[in-house]
Amino acid sequence: MRPGLRTERHATMQDATRYSVLFEPVRIGPVMARNRFYQVPHCSGLGHLRPRAEAAMRAMKAEGGWAVVSNQETEIHPTSDLSPYTEGRLWDERDIPALQLMTEAVHDKGALAAVELVHNGPFALNHLSRVPVLAPSEMSVADVFPRHARAMDKSDIRDLRRWHRDAALRARDAGFDIVYVYAGHGLSITQQFMQPHLNTRSDEYGGSLENRVRLTRELLEDTREAVGDTCAVAFRFAVDEMLGKDGMQAAEEGRAVVEMLANLPDLWDVNVSDWSNDSITTRFQPEEGHQNDYIDFVKQVTSKPVVGVGRLTSPDMMASMVRKGIVDFIGAARPSIADPFLPRKIEEGRIDDIRECIGCNICVSSDSIAIPIRCTQNPTMGEEWRRGWHPEIIPPKGSETEALVIGAGPAGLECALSLARRGYEVTLAEASDAVGGRVKKEAALPGLAAWARVADHRAYRLSQITNARLFLQSTLQAEEVLELGIPNVFVATGAWWITTGIGRSTRRTPPRIAADAQVLTPDDIMAGRLPQSGPVMIYDDDQGYLAGVLAEKIAAAGLATCFVTPASIVSPFTSLTLEQPRVQRRLIELGVDIRCNRTLGAATAGAAVLNCVFSGQETRVEAACIVMVTERMRRTELYDALLGKLTGTLQLIGDAASPGLIADAVWSGHNAARNFERPAEETYADQYIRELVSLSPWEKE
Ligand code: ADP
Ligand code: SF4
């Protein structure tokens with residue numbers, strides 16, 4: 001093996017005073033925040049079904065230095081039932097104890113706790129409660145369910161105000177310091193009342209902007225009256241819908257709303273709408289602080305503190321936003337997920353240790369399918385309670401034994417780093433001349449540059465640790481591994497894309513690929529082997545994000561491109577990351593010929609036969625080359641050859657164990673390292689503590 005390359009430390013220790021402005025306390029109505037770091041409400045997939053996990057996750061943010069830690073949208077009544085999503089719930093007093101777990105845990109760590117009360121109007125389909133759906137006006141719900149919402153009459157509005165007031169009181173009793181009125185993301189009834197396309201009322205709640213804002217004003221006043229001087233009242237408001245003249249614009253009605261309500265709340269939490277704009281991925285918005293141009297007027301209008309977001313991870317950007325008077329608080333959802341200890345790291349001058357969010361929205365995807373939150377960058381996210389994982393603390397090594405990690409992709413890097421943090425002597429061997437594996441290759445594709453942070457962060461931290469050695473250009477065979485004599489080996493050799501076209505839609509009838517058909521895989525394209533000429537057909541039965549990005553690359557290179565998929569839309573997985581409409585729009589704009597609902601039947605030189613997934617009807621398309629994006633095969637030869645030959649542990653991790661997301665590979669590497677040499681009863685490697693349904697005596701729902 002060759003001596004490894006050390007990554008240079010890429011920044012110096014920061015001058016403590018440079019960011020001191022970020023650590024000034026700020027008053028929010030009756031409560032005081034210890035600094036300017038504010039974790040704005042964000043979904044977690046934990047919520048009312050997993051309250052202990054929710055409390056532990058939020059408490060970790062408080063421990064990491066956030067001055068305010070919010071929960072997530074919290075349903076105030078069964079007419080706002082978001083099931084099967086697991087958000088917060090405060091339908092009645094029986095919901096208080098679960099939320100109290102969070103407020104107490106957050107207070108214990110010195111932070112303020114905030115709750116985002118919500119009635120979701122026609123966005124709540126009431127699947128569990130089965131009560132009528134409410135909306136400003138008569139309308140079908142924004143979903144595939146053939147269901148309509150009923151226009152709220154005056155008594156419904158009175159009820160809504162009472163529900164909100166009662167929920168605010170319950171929030172106060174649960175120990176929250178800040179109670180939200182929420183008008184953002186296209187998700188809440190107050191915002192829906194403001195939107196003329198959803199509010200066609202002719203009474204005092206419809207028509208003029210003043211009328212459309214009336215409900216919000218009333219809820220702000222009701223909340224203030226209910227919680228008195230005990231809690232601050234925050235207002236989360238989307239100042240711009242990013243639809244130009246078709247929606248609310250910051251320069252027009254957005255500003256007018258802020259002027260109307262200027263000093264009514266104790267705090268303005270401002271952003272853009274809808275959720276896909278607020279939490280836009282780096283693929284479609286690489287700029288940090290991209291919301292500043294929309295929200296910068298707010299502080300000129302109100303004397304109350306303002307919090308803003310924009311995937312803020314750079315302390316220089318944060319300090320300048322405060323100094324320029326754009327915000328009082330640095331708001332964060334995703335940056336606080338990727339690094340719950342971001343504020344502490346800035347305070348302690350450990351800027352280079354910050355695990356920066358890559359803007360991939362895998363965190364959002366977990367909420368989209370109602371499972372506990374996860375994060376590509378932070379494998380401990382969502383595992384604080386059930387596995388007892390702390391993002392900054394890892395149990396020390398169990399013995400003086402050594403470990404060899406083979407493959408420096410996301411799994412191998414995370415495994416090596418975590419083993420080294422535990423104190424083991426670690427050798428990391430990588431076949432190629434750079435670390436990062438798939439993440440480095442994917443980061444070179446259009447829009448994905450920020451993903452390189454997954455590898456860069458880990459490479460940097462490894463370079464700072466003396467008990468870890470990295471060897472590049474070191475393709476290991478079994479004999480060499482045995483010669484090294486390191487007893488414990490973690491094999492993170494990844495996976496490769498197959499060429500057969502077999503995938504989830506063609507397993508019964510595999511495509512017939514003629515010997516003279518030109519077939520490439522994502523590995524070829526990422527290695528720079530682009531087709532010589534078009535038309536190029538991308539065949540996507542992976543249905544994740546990759547085929548869409550490859551199509552973008554190939555079309556942008558000027559080759560005629562056809563995108564074929566058995567799915568009914570391009571890259572359906574990206575619906576879960578809030579990107580799908582943008583993905584499809586971009587391919588349309590690039591002139592890609594999109595053919596959905598088609599499997600690949602056969603391929604010959606220059607042509608392919610497609611089959612309709614419903615009727616089997618055949619169509620023929622010209623294709624000089626086909627890029628097969630269907631399935632990956634695990635690279636396990638080395639592992640297989642080592643089986644039974646080591647004196648210690650032999651473990652397959654990452655894509656070599658189970659190809660999946662980068663987040664899965666990172667998690668797998670972390671899990672393996674954390675559980676190495678731990679007694680079986682402590683590991684919870686395959687198991688974890690579960691929050692079981694209580695079988696306490698029956699209570700009326
Ligand atoms: P994962 O996502 O599981 O981390 P990747 O495919 O990203 O997987 O990374 C696997 C890494 O393993 C690649 O960088 C590859 O070069 C490296 N690799 C594969 N086989 C060997 C080997 N025999 N010796 C050293 N490195 C290897
Ligand atoms: Fe950021 Fe991705 Fe983690 Fe979400 S999953 S916090 S977008 S790195």
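FYI, side chains are in, hydrogens and waters are out, and symmetry mates aren't considered; it's all heavy atoms of this structure. One-based numbering, in listed order, for ligands and for the atoms of each. Because the structure is a prediction, the values reported are computed rather than measured.
- Look at Glu392 and Lys345 and you find a salt bridge, because one of the NZ, NE, NH1 or NH2 atoms lies within 4.0 Å of a carboxylate O, short of that distance.
- Here Glu442 pairs with Arg438 under the salt bridge (Lys or Arg N to Asp or Glu O under 4.0 Å) rule; sequence neighbours left out.
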Pairs under 3.5 angstrom, nitrogen or oxygen on both sides, ligand 1 versus protein: list them out, please.
| residue | atom | partner | partner atom | Å |
| --- | --- | --- | --- | --- |
| ligand 1 | 2 (O) | Asp655 | OD2 | 2.6 |
| ligand 1 | 3 (O) | Asp655 | N | 2.7 |
| ligand 1 | 4 (O) | Pro410 | N | 3.1 |
| ligand 1 | 4 (O) | Ala411 | N | 2.8 |
| ligand 1 | 7 (O) | Arg438 | N | 2.7 |
| ligand 1 | 12 (O) | Ala492 | O | 3.3 |
| ligand 1 | 14 (O) | Glu430 | OE1 | 2.8 |
| ligand 1 | 14 (O) | Glu430 | OE2 | 2.9 |
| ligand 1 | 16 (O) | Glu430 | OE2 | 2.6 |
| ligand 1 | 23 (N) | Leu476 | O | 3.0 |
| ligand 1 | 24 (N) | Leu476 | N | 3.1 |
| ligand 1 | 26 (N) | Ala431 | N | 3.0 |

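- Within 6.0 Å of atom OH in Tyr85, 12 or fewer heavy atoms from other residues, nucleotides or ligands are found, so the atom counts as exposed in its surroundings.
- Applying the side chain to side chain donor-acceptor pair (under 3.5 Å) test to residues at least two apart or on different chains, the pairs with a partner in residues 636-651 are Thr636-Asp640.
- Residue-environment remark: CE (Met317) exceeds the threshold of 12 foreign heavy atoms within 6.0 Å.
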Would you please test His390 and Phe341 for ring pair (Phe, Tyr, Trp, His ring centres under 6.0 Å) and show each step? CA-CA 10 Å; His390 189 291; Phe341 277 63; 5.3 Å; yes
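- No close placement of the Trp275 and Phe123 rings is indicated, their centers lying 6.0 Å or farther apart.
- Near-neighbour remark for atom 2 (Fe) of ligand 2: protein N, O or S atoms under 2.8 Å are Cys360 SG; waters not counted.
- Contact check on Arg386 versus Glu383 returns a salt bridge, with a Lys/Arg side-chain nitrogen under 4.0 Å from an Asp/Glu carboxylate oxygen.
- No more than 12 heavy-atom neighbours from other residues, nucleotides or ligands sit within 6.0 angstrom of CZ on Arg52.
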